[in-house]
Every structure is written in structure tokens, then in C-alpha cells.
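To start, the structure itself, in C-alpha cells.
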There are 2 protein chains.
Amino acid sequence: MAKKKQQDTLSSEEKIKEAARKVFMEKGYAATRTRDIAEAAGINLALLNYYFRSKEKLFELVMQEKLSSFFGLILPVLQDPASSLDDKIHTIADRYISMLAANPDLPLFVLNAMRNAPKKFAAMLKGADHLLQSAFARQLKERNPHVAPEQLFINIMSLCIFPFAMRPGLEVISPEIGATFNVLMEERKKLVPKWMRAMLKVK
Amino acid sequence: MAKKKQQDTLSSEEKIKEAARKVFMEKGYAATRTRDIAEAAGINLALLNYYFRSKEKLFELVMQEKLSSFFGLILPVLQDPASSLDDKIHTIADRYISMLAANPDLPLFVLNAMRNAPKKFAAMLKGADHLLQSAFARQLKERNPHVAPEQLFINIMSLCIFPFAMRPGLEVISPEIGATFNVLMEERKKLVPKWMRAMLKVK
DNA sequence: GTCTATAACCTGATAGAC
DNA sequence: GTCTATCAGGTTATAGAC
């Protein structure tokens, strides 16, 4: 109801954008009808095109926003030469798990977006690429020269993000996980760094 | 070309099913047009409905098939009381990574299917649920009573499956990973069990 | 800026000939 | 079984009144 009140005071443009975030995240681009967005925004269909010209342009706006928040969280951490490796791992785990607990649909949305429009994604990220030249990769390599830093980077991403992507499946396979999911994720903020430290010792 | 020849000798029904697997896996349900499938199968649109009645029924057929191969690989391993914990971990890692290397679109397809139709997924899996009562969960708990077995189950799934789901993103973030992806995944068949053993010691 | 009405197009599905 | 032609309904986007 706090949300409802807030929405009533937003401009039409902002109401549409907010509704678009919600519906696109829940259903994806193809399954979303502009009518759904207009209805969720409490405005008319024509107004959507008045402000955003087309479904595709509105989607790109949302996608850009979501990709930014998804990667904006991690890229500065990876590239910071001042912080230690352990600090980086802790910060990434803590921030990602917090963010995804608040935005459970984000992982699948981002994964689909990257797959369906890799070129747009690349254009959006230029300048932030070359993970293997980052401070993080260098520190990983120093700590454990036996395992490629790519592997350990993949691991921290996997351990933080994948649980949210497979949540619906987990809830079916094990009702107990469904019931305690948020608690489990909260625990992982401390467990992931511990596991990463253990993995760093593996040759 | 072996594939092309094979397709020419298939029955129309099988050609349609094969094309449906391909197109649905690449684009998902909503973005796929029955015309795309018909074209990929080299047959007429009407024939698709003649054999499968509707787009939705055809999709469910494909989905059932894919979910079976995705979970059929792991559930028997989890429930086998005879094999050791280390054997289970090794088998899961080896089979999943091999299977996903051959079917790179499978993870995202399954994740989307589970999210969009959790009830169908649950119906498809009844009898195979209750992970926490499995031999795997019991063995995890014995080996490390300090960490919930759910957490370690989530970890092995994450480490095996997620790299394939985020491959398109990885290729943008780091061109080097894109170039050596298959090699990295092959290495992980041995690394994932090592990492899991290391994580099992963490309290 | 916001609405109603409608144009223009696309998609799933079927009828009916062969 | 397989095709062409077409229907019925839905979808995006716009025209035009207010």
C-alpha cells in the first residue's frame, strides 16, 4: 500500500517505467504485452507509445537499467587495486546476495538478456571488459598459481547468483529449501567467503 | 551434413519434433512462432497442428523431454545408497559437464521452464522429491554436520550448471574465457570434486 | 498529456483440395 | 499425409478528439 500511494504520486512516464520493470522482469520481453504494462501502470496503452515510442525501446531502457545494477555492483570491486582479495570476495558475496534477495527475478532476466542480445550487452559494457587484467584476477593468480583465475571468478559468481536462478526448481525438489530459502541465502553471505578461501588452496 | 541426411530420412512427425527442440531451446516458448518450427522442419505449418494439435502441446512435449534428461541424470545418483559421497560428487560433475557441453542451451531453458510452469514441473517430478531424505543429503550431513546439506547441494549444482548459463556474459566480460570455454569446462570435471572436498571441511 | 477508436500487421489454428 | 488458402483473434502502433 506504501507502493500504491507512491505510484499515485508518480508522473505517468515514471508509472509506465515502473510497471515495465515489473512486467518485463516477470514475463520476459516476448511474453509481455504492452497492454499488460499499461494496465499495471494504470494508464492507457496509447500513452506508453507517446512516452517511449515502442515496446522495444521501453524494454531496452529497462534492460540497460538492470544490467547496470547487476554489473555495476561487481566491476568496481574487481578493479580496485587497494582492497585485498579476501575483502573483494567478502564484498561481492555480501552485496550480490543482498541485492538478489531483494530482486529475485534479476538473475534469470539478466541471463536471458545477455543470451538474446549479446551485442547490446557488449556495447553497454565496453571499457569494463578484460576481466583477466583486473586486480582481482591478478590477486587470484598470486594466491593460487595452479588454478586459472577464470575458474575462481566463475565460482564466486556461481555460488552467489545461481541459487536465486534455480530457486523455483529447488522449491519443488525440496519443500524444506523453499521454506527456509531466505535464511539459507543469508547464511551464504558468510559461507561463500569461507568456501572461496578453501577453494583457493586447491591445486 | 550427417544431420541433414539424417533429417531427410526422418518421418515428418520426427522432423517437426526435432525442429521444435531446436527452435524452442534457442528462443523460448513465447518468442517462437509455429511457422519458425515448420520452416526449420522443412514441412508445412498445417502439418504441425495435424500431428501435435497446438503449439502448447508441442512445447510441453519438448519440455518434458528436456526436464527428464536434465534431472534424470542426477536424481538416481543422489538416491543411490551404495556409492560413496565422493563417488556421487565425481559422477554428478562429470555427467553434468559433459551433457551441458553438448547442450549449452539446456540450463537456461530448464531454468525458464521451472520458473514459468512450476506446477507442471512439480507434477513431472513427483516421487523424486524430498532431496533432504536422499542418501546424498545424509552422507553430506555425516561428513560435515556444521553446514546444512542443502547448502552443499546448491553448491555442486551451481558450480556445474551456472558456468553454461552465463557463458554469453562471460564471453563479453572476458574474450579469453570465450576462446577457451570448452577447455575450462573440461578442467572443471576434476576441479569441481576437488573444490567440493575442500568445501566439505569448512565449518 | 491523455483518452477512444482503429489501422496494419502477425500468429495460431483449421477447412478443404489433392 | 501433405499441401494451399484463409479465418478468427490478438498485438503493436498511430490518428485524432478532448
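In what follows, chains are A, B, ... by sequence order, proteins preceding strands, each numbered from 1.
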B/K55 NZ/CZ over B/Y29 ring centroid, <6.0 Å and within 45° of normal | yes

Give the rounded distance in Å between these two atoms: OH of B/Y50 and P of C/dT14.
-> 14 Å

B/F181 vs B/F164 aromatic rings, parallel, tilted or perpendicular, using cut-offs 30° and 60°?
-> perpendicular

If you measure from the Lys or Arg side-chain nitrogens to the Asp or Glu carboxylate oxygens, is any gap between B/R21 and B/E18 under 4.0 Å?
-> yes

Starting at CZ of B/F59 and ending at P of C/dA13, how long is that distance when rounded to a whole Å?
-> 14 Å

If you check every side-chain atom of B/Y51, which of D/dT2, D/dT14, C/dA13 has the closest atom?
-> D/dT2

Quickly work out the A/I37 CD1 to D/dT11 C1' distance and round it to whole Å.
-> 13 Å

Indicate whether the side chain of A/N155 and that of B/R188 have a donor and an acceptor atom separated by less than 3.5 Å.
-> yes

Listed nucleotide nearest any side-chain atom of B/I43, set D/dC3, D/dT2, C/dG1 = D/dC3

Determine: side-chain N/O of B/T34 to OP1/OP2 of C/dG12, distance under 4.0 Å, yes or no.
-> yes

Does any donor-acceptor pair link the side chain of B/R35 with the base of C/dG12 at a separation under 3.5 Å?
-> yes

May I ask you to check whether A/E13 and A/S11 show a side-chain donor-acceptor distance below 3.5 Å?
-> no

Between A/R33 and A/L47, which is nearer to the 5' end of DNA chain D once each is assigned its nearest nucleotide?
-> A/R33

How close or far is atom P of D/dC3 from atom CD of B/E39, stated in whole angstroms?
-> 13 Å

Proximal nucleotide (of D/dA13, C/dT4, C/dT2) relative to the A/A46 side chain | C/dT4

Distance in angstrom units between B/K55 NZ and D/dG10 P, rounded = 15 Å

For B/L45, which contact category applies under a 4.0 Å heavy-atom criterion: base, sugar-phosphate, or nothing?
-> base

In whole angstroms, how far is the C1' atom of D/dT2 from the CD1 atom of B/I16?
-> 10 Å

Atom pair distance, as rounded to whole Å: NZ in A/K15 and C1' in C/dC3 = 13 Å

Whole-Å distance between C/dT6 P and A/N49 CG?
-> 18 Å

Within less than 4.0 Å of OP1 or OP2 of C/dT4, is there a side-chain N or O belonging to A/N44?
-> yes

